[in-house]
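What follows is a set of notes on a single structure, which appears directly below.
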Amino acid sequence: MPELPEVEVVRRGLAAHLRGRYLTGVEVLHPRAVRRHSAGIDDFQATLEGRTFAEPRRRGKYLWLPFTDGDALVVHLGMSGQFRVDDEPADDRHTRVRFHLDDGRQVRFVDQRTFGGVHLSVEGAELPTEIAHIGRDPFDPEFDIEDAISRFRRRRSGVKRALLDQAIVSGIGNIYADETLWRCRIHPERACERLSRHAWREIIDAATAVMKEALAQGGTSFDALYVNVNGESGYFERGLAAYGREGSPCQRCGALIVREAFMNRSSFRCPRCQRTPPGTGALIRRPHQTGPRVVKS
DNA sequence: ACTAGCACCTGATCGC
DNA sequence: TGCGATCAGGTGCTAG
């Protein structure tokens, strides 16, 4: 569920609560939450005790919480993961791991669908080896847009599939991919290699802009499954132009947004603005089409 | 090496 | 009211 903006909201929330804190104990309540910790549950609980947190970091949708000793706690929220820091007793049904801090507070990893998880990465403070394959996200100071464009243009797949590939540019999920392509007026099945460098630059810029706007609104929330560490929802749902708006008029042209099956999930697009048909037939007929029109924000 | 498809889970909602 | 089908924002593994 959480994409880059939502994960960044969580990172900031954790930073505020973990700064200068150390762990006095850890309780694993569901084994699946630590399945990526190869040494097992008992080791996970025991090894973390006494460690002091440094500044939480993020790449794409991955979080890691470095310790001052050079190791790190790697976190992925999956589809439904949350971190909660509550002053009052809260719904504990989906609490998977409870972290006890030296200030008496507890941080809970809550995850209904258990696609998310946590594990210790030895010497992972700078960059856990487990997530070295994840590409830099557009907010990374070392993000190389020219390299990203080159890699996108080498992909033999549709544009949306490539945007969801975390190894090229990380952080973009189903929602922000749809929003990005709506802004750029590009059909999700357009072939990657047929888009110009200029078009790809516009796509990456649009993805960066929409995620930046979402972050400023505290992220996108459709329900209680995505909330910040205090249990509060973000407000970017009202900023969405395509995702989840099946049957509503396109804000640009008035055509009704359609929903289509894509990779076992849904894609939303404007049938008029994002009209270039998929398939090689269209590409063969229009091999020298000019670059896509792009919305300037 | 790259790409597509599926497995991994629980719970809310929809149609009958 | 109850039941099965469907759907949900992600990643990793594996077969081709």
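Proteins come first, then strands; the chains are lettered A, B, ... in the order of their sequence lines, and each starts at number 1.
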Over all strands shown, is A:Y176 touching base, sugar-phosphate only, or nothing at heavy-atom distances under 4.0 angstrom? nothing
Less than 4.0 Å between a side-chain N and a carboxylate O, is that true for A:R183 and A:E202? no
Of all the nucleotides listed (C:dT11, C:dA8, B:dC9), which has the minimum atom distance to the side chain of A:Q166? C:dT11
Mind checking A:H30 for me? I need base, sugar-phosphate or nothing, with any heavy atom below 4.0 Å counting as a touch. nothing
For the side chain of A:H76, starting at C-beta, report the closest nucleotide among C:dT11, B:dT3, B:dC9. C:dT11
Name the residue closer to the 5' end of DNA chain B, choosing between A:R32 and A:R93 according to the nucleotide with the nearest heavy atom. A:R32
A:R265 side chain: which of B:dT3, C:dC7, C:dG10 is closest? C:dG10
Do we count A:F115 as stacking onto C:dT11 if the rule is ring centres under 5.5 Å and planes under 30°? no
Within the 6.0 Å centroid threshold, strictly below: A:Y22 and A:F53: no
When all nucleic acid strands are considered with a 4.0 Å heavy-atom cut-off, which category describes A:R96: base, sugar-phosphate, or nothing? nothing
Give A:R36 one of three labels, base, sugar-phosphate or nothing, depending on what nucleic acid heavy atoms sit under 4.0 Å from its own. sugar-phosphate
With heavy atoms under 4.0 Å as the rule, sort A:R155 into base, sugar-phosphate or nothing. sugar-phosphate
Nearest-Å distance for atom pair CD1/P, residues A:I168 and B:dA1: 16 Å
Show me, pair by pair, the donor-acceptor contacts under 3.5 angstrom made by side chains of residues 137-144 of chain A, not counting sequence neighbours?
{"residue": "A:D137", "atom": "OD1", "partner": "A:F139", "partner atom": "N", "Å": "2.8"}
{"residue": "A:D137", "atom": "OD1", "partner": "A:D140", "partner atom": "N", "Å": "3.2"}
{"residue": "A:D137", "atom": "OD2", "partner": "A:R58", "partner atom": "NH1", "Å": "3.0"}
{"residue": "A:D137", "atom": "OD2", "partner": "A:G60", "partner atom": "N", "Å": "2.9"}
{"residue": "A:D140", "atom": "OD1", "partner": "A:R136", "partner atom": "NH1", "Å": "3.4"}
{"residue": "A:D140", "atom": "OD1", "partner": "A:E142", "partner atom": "N", "Å": "2.8"}
{"residue": "A:D140", "atom": "OD2", "partner": "A:R136", "partner atom": "NH1", "Å": "2.9"}
{"residue": "A:D144", "atom": "OD1", "partner": "A:E146", "partner atom": "N", "Å": "3.2"}
{"residue": "A:D144", "atom": "OD1", "partner": "A:D147", "partner atom": "N", "Å": "3.2"}

Using a 4.0 Å heavy-atom cut-off across all strands, classify A:F236 as base, sugar-phosphate, or nothing. nothing
Linking I/L/V/M/F/W/Y whenever any side-chain heavy atoms sit under 4.5 Å apart, do A:I168 and A:Y176 land together? yes
